[in-house]
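Worksheet for the structure shown next.
In what follows, every chain begins at residue 1, and chains take the letters A, B, ... in the order their sequences are listed.
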Number of protein chains: 2
Amino acid sequence: MPEPAPFAQVPLGQAPFAYDGLDRVMHERARLSLLTSLAAHPKPLAFADLKQLCGLTDGNLSRHLGVLEEAGLVEIHKGYEGRRPLTTCRLTQAGRERFVAYLAVLERVVRDAAEAARQGEGEPTPRPA
Amino acid sequence: MPEPAPFAQVPLGQAPFAYDGLDRVMHERARLSLLTSLAAHPKPLAFADLKQLCGLTDGNLSRHLGVLEEAGLVEIHKGYEGRRPLTTCRLTQAGRERFVAYLAVLERVVRDAAEAARQGEGEPTPRPA
DNA sequence: TCAGTGTACTTTGCATTGGAAAGCTGATGC
DNA sequence: GCATCAGCTTTCCAATGCAAAGTACACTGA
């Protein structure tokens with residue numbers, strides 16, 4: 001029987017605080033940390049360096065790098081230094097661009113929120129209705 | 001006694017990019033959005049208002065509010081407006097404080113990252129070694 | 001030459017999570 | 001009095017983060 005969908009909970013109109021620009025891939029502590037590290041170092045960084053810079057375990061780093069590579073944000077190069085494996089990693093151009101765009105959104109979020117927090121700052125606890 | 005690691009190319013502090021202060025409860029798009037909305041409005045906000053402000057579905061809103069309440073960041077009051085149920089929500093004092101602290105960390109992250117991104121900006125694609 | 005330790009990652013396992021859909025409850029309309 | 005709607009809650013599933021275990025190779029000492 002053709003009836004209108006009973007579950008139409010569509011987010012309508014404007015949703016001023018819906019931060020769509022906060023890409024899940026980048027909006028994640030570990031990966032945010034990785035991206036910042038990589039952005040700060042124009043030369044490729046080694047696995048071990050990233051691990052230390054970001055305070056991650058081997059497993060987590062491996063996983064997160066995989067996610068970032070999958071998303072096209074970083075390039076991973078597996079080679080050797082002498083006879084030891086050496087994995088290095090750098091931001092792609094697109095990665096840098098997307099990261100910058102993400103940061104712009106995040107900056108806006110911080111400003112919005114800080115202002116919001118300032119507004120209600122001195123407020124006494126509003127009486128519960 | 002084993003030698004210290006022979007590779008120390010990068011001036012590493014502890015883990016300069018490990019953003020421990022980014023509390024998972026708050027560092028989440030939907031909840032960040034909710035907290036900002038609540039911070040911006042000193043008076044309690046209704047379920048339906050939050051839903052629109054943050055562009056969330058009923059189910060998601062319910063869930064995220066639950067998480068925030070569990071964490072002690074918000075207080076939820078379930079009452080009636082006339083005969084219709086009306087759920088309202090506001091930041092607790094602790095919630096406001098923790099949110100402000102989180103924002104301070106986030107602000108620092110943004111500054112770090114923006115600076116990092118600026119540094120490597122004009123760089124040509126570094127050739128893989 | 002071969003156990004043992006170390007380095008450099010990867011893979012696996014698991015509990016948690018976010019989100020869509022379905023469910024529930026009571027009020028209102030027909 | 002049955003159907004519909006408003007206002008939330010609960011369920012279900014795929015995806016995720018994280019830790020622990022695993023793999024592979026190099027180097028050291030007996």
Side-chain angles (χ1 to χ4, degrees), chain A residues 1-12 15 18-20 22-34 44-71 74 76-89, chain B residues 1-9 15 18-20 22-34 44-52 54-71 74 76-89:
Chain A
M1 53 221 107
E3 52 194 306
F7 51 82
Q9 298 169 351
V10 184
L12 46 96
Y19 301 124
D20 291 336
L22 294 184
D23 185 334
R24 293 202 79 78
V25 173
M26 292 183 275
H27 190 70
E28 164 69 36
R29 214 166 61 178
R31 291 192 295 257
L32 190 46
S33 168
L34 285 170
L45 282 173
F47 190 95
D49 295 339
L50 281 169
K51 189 174 122 178
Q52 279 210 53
L53 285 168
C54 301
L56 294 170
T57 60
D58 288 8
N60 288 336
L61 177 51
S62 183
R63 213 171 204 304
H64 287 302
L65 281 183
V67 172
L68 290 174
E69 186 182 32
E70 182 82 12
V74 307
I76 297 176
H77 179 256
K78 290 164 199 296
Y80 283 85
E81 183 184 48
R83 292 174 155 176
R84 300 170 156 264
L86 181 69
T87 299
T88 60
C89 184
Chain B
M1 186 189 253
E3 287 289 311
F7 54 88
Q9 320 147 340
Y19 302 123
D20 292 336
L22 294 183
D23 184 335
R24 294 200 73 78
V25 173
M26 291 184 275
H27 190 69
E28 164 67 37
R29 215 167 60 181
R31 293 193 293 258
L32 190 47
S33 167
L34 285 170
L45 281 173
F47 190 96
D49 294 339
L50 282 169
K51 188 173 124 179
Q52 279 212 53
C54 301
L56 294 170
T57 60
D58 289 6
N60 289 336
L61 177 51
S62 183
R63 211 170 207 307
H64 286 301
L65 281 183
V67 172
L68 290 173
E69 187 182 32
E70 182 81 13
V74 306
I76 296 176
H77 178 255
K78 289 162 199 295
Y80 284 85
E81 182 184 50
R83 295 178 150 172
R84 299 165 157 266
L86 181 69
T87 298
T88 60
C89 184

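- Atom NE2 in B:H27 sits about 12 Å away from atom P in C:dG18, given to the nearest Å.
- As rounded to whole Å, 14 Å separates atom C1' of D:dC25 from atom CG of A:L86.
- Scanning both residues, A:C54 and B:A18, for their nearest heavy atoms gives O-CB, 3.2 Å.
- What separates NE2 of A:H77 from P of C:dA8 is a distance of 17 Å, to the nearest Å.
- With a 4.5 Å cut-off on side-chain heavy atoms, B:V74 and B:L34 do not count as touching.
- Inter-residue side-chain proximity for B:I76 and B:C89 is flagged as met; some heavy-atom pair is nearer than 4.5 Å.
- Rounded to whole Å, atom C1' of D:dC8 lies 16 Å from atom CD of B:Q52.
- Rounded to an integer number of Å, the gap from A:Y19 OH to C:dG18 P is 18 Å.
- Here A:S62 does not reach the OP1 or OP2 of C:dC9: none of its side-chain N or O atoms lies under 4.0 Å away.
- Residues passing the side chain to side chain donor-acceptor pair (under 3.5 Å) test with B:S62, sequence neighbours excluded: none.
- Nearest-nucleotide assignment on DNA chain D puts the 5′-proximal partner with B:R84, out of B:R84 and B:L61.
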What N/O pairs connect the protein and nucleotides 14-23 of chain D at under 3.5 Å? Give each pair on its own line.
residue	atom	partner	partner atom	Å
D:dG17	OP1	A:E28	OE1	3.4
D:dG17	OP1	A:R31	NH1	2.7
D:dG17	OP1	A:R31	NH2	2.8
D:dG17	OP2	A:R31	NH1	3.0
D:dC18	OP2	A:H64	NE2	3.2
D:dC18	N4	A:R63	NE	2.5
D:dA19	OP2	A:N60	ND2	3.2

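- Distance CG/A:L61 to CD/A:Q52: 11.5 Å, rounded to 0.5 Å.
- Under the salt bridge (charged side-chain N to carboxylate O under 4.0 Å, His left out) criterion, the residue pairs touching residues 50-71 of chain A are A:K51-A:D58, with sequence neighbours excluded.
- When the P atom of C:dA20 is taken as reference, atom NZ of B:K51 falls 13 Å away, rounded to whole Å.
- The separation between B:Y80 atom OH and D:dC8 atom P is 10 Å, rounded to whole Å.
- Going from atom CG of B:L45 over to atom P of D:dC8 covers 13 Å, rounded to whole Å.
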